[in-house]
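Everything on this sheet refers to the single structure shown next.
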Protein chains: 2
Amino acid sequence: MKKDYNISLSLRINIGNDTVLASGKVELLIKIKEMGSLRKAAEEMKMSYRKAWFSIHKINNLASETVVVLKRGGKNGGVATITDYGNSIISQYISLRKDVDIFISKNSSKYDFNK
Amino acid sequence: MKKDYNISLSLRINIGNDTVLASGKVELLIKIKEMGSLRKAAEEMKMSYRKAWFSIHKINNLASETVVVLKRGGKNGGVATITDYGNSIISQYISLRKDVDIFISKNSSKYDFNK
DNA sequence: AGCCGTTATTCATTTAAAGGAATAACGAAG
DNA sequence: CTTCGTTATTCCTTTAAATGAATAACGGCT
């Protein structure tokens, strides 16, 4: 019986054994950039604020430089900002991801895991 | 501060949302092939027999054809055998994995996640 | 029939991850 | 000095995953 298999490549940027960036985190960062708010970004992704906060905390601690600056209080209650470094690694990740996708589409046709 | 980041691509062969093959399962299958025994393969991988058994059960159920034939009783107490189809997808996975590794080494140098 | 080493399966326990609720802290603006 | 919406953090509960122990089932061999 033929089955509809598919090949997936997941891309991770690690430091040691810890993941700084993978698809989920990148998505979260982009949402933060769009909304300027961690809470709203989390909401948009149907993720608890708590989880999102831990996620950002981890990224900031691991990476070479700060990726997201969080400020509380003030005009809109607080604000979340992506740093220049943050924007840099986001676009690098996206660019590399595109290359990966091209690689998959070029190579996967050579294989047939049904036989 | 410069950190020693690394880029990892994990390769998965899925059917729908379920993973038939990924690096850990392939390693287990190879050990089974070497030893002819699920128990010994699990032991070698420092994995509980229980977990290994579930793993194989899942692979066999998901894949197009049987990948591992398990028999109990008999000369050596029992035996685990990789089918022709099993050997085929193992070598396909390894071959594709090699291509992926080459791709990584060619592309990762273009990126610097420290800046 | 009994032995042996493996496969097959259940049950209870432990450990880890995820989630939710609640509340404090903050600072601009009115 | 109060309000407002967000960030920050704790505590408890729930859910899921991993582990371990124990035991049955099997079949060639002596």
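In what follows, every chain begins at residue 1, and chains take the letters A, B, ... in the order their sequences are listed.
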Which donor-acceptor pairs under 3.5 Å do side chains of residues 65-77 of chain A form with protein atoms, sequence neighbours excluded?
none

What pairs with [X] under side chain to side chain donor-acceptor pair (under 3.5 Å), at least two apart in sequence or on another chain?
X	result
A/R12	A/T19
B/T81	none
B/R97	B/D101

Per the side chain to side chain donor-acceptor pair (under 3.5 Å) rule, what does the pair list look like for residues 25-53 of chain B, sequence neighbours excluded?
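The answer is B/K25-B/S55, B/K33-B/N87.
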
Please, which pairs that meet side chain to side chain donor-acceptor pair (under 3.5 Å) have at least one residue in residues 105-115 of chain B, sequence neighbours excluded?
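The answer is A/S64-B/N114, A/S95-B/Y111, A/D99-B/Y111, B/N107-B/K110.
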
Within residues 15-49 of chain B, residues whose heavy atoms come under 4.0 Å of DNA chain D:
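Residues of residues 15-49 of chain B that come under 4.0 Å of DNA chain D do not exist, since none gets that close.
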
With a 4.0 Å heavy-atom cut-off, tell me which residues in residues 50-58 of chain B come close to DNA chain D, sorted by residue number.
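Within this stretch, B/R50, B/K51 sit under 4.0 Å of the strand.
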
Based on the rotation axes of five pairs at each end, what angle does the helix from C/dA1-D/dT30 to C/dG30-D/dC1 bend through, to 10°?
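Taking five pairs per end, the axes differ by 10°.
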
For DNA chain C, the residues among residues 67-76 of chain A that have a non-hydrogen atom under 4.0 Å from it:
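Contacts with DNA chain C under 4.0 Å: A/R72, A/G73, A/G74, A/K75.
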
Name all residues meeting the side-chain contact (heavy atoms from CB on, under 4.5 Å) criterion together with B/A42; count only those two or more places apart in sequence or in a different chain, and write none if there are none.
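Residues passing side-chain contact (heavy atoms from CB on, under 4.5 Å) with B/A42: B/A52.
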
Tell me, please, the opening and closing nucleotides of DNA chain D, 5' to 3', among those with an atom under 4.0 angstrom from a non-hydrogen atom of chain A.
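With heavy atoms of chain A under 4.0 Å away, the range is D/dG5 to D/dC11.
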
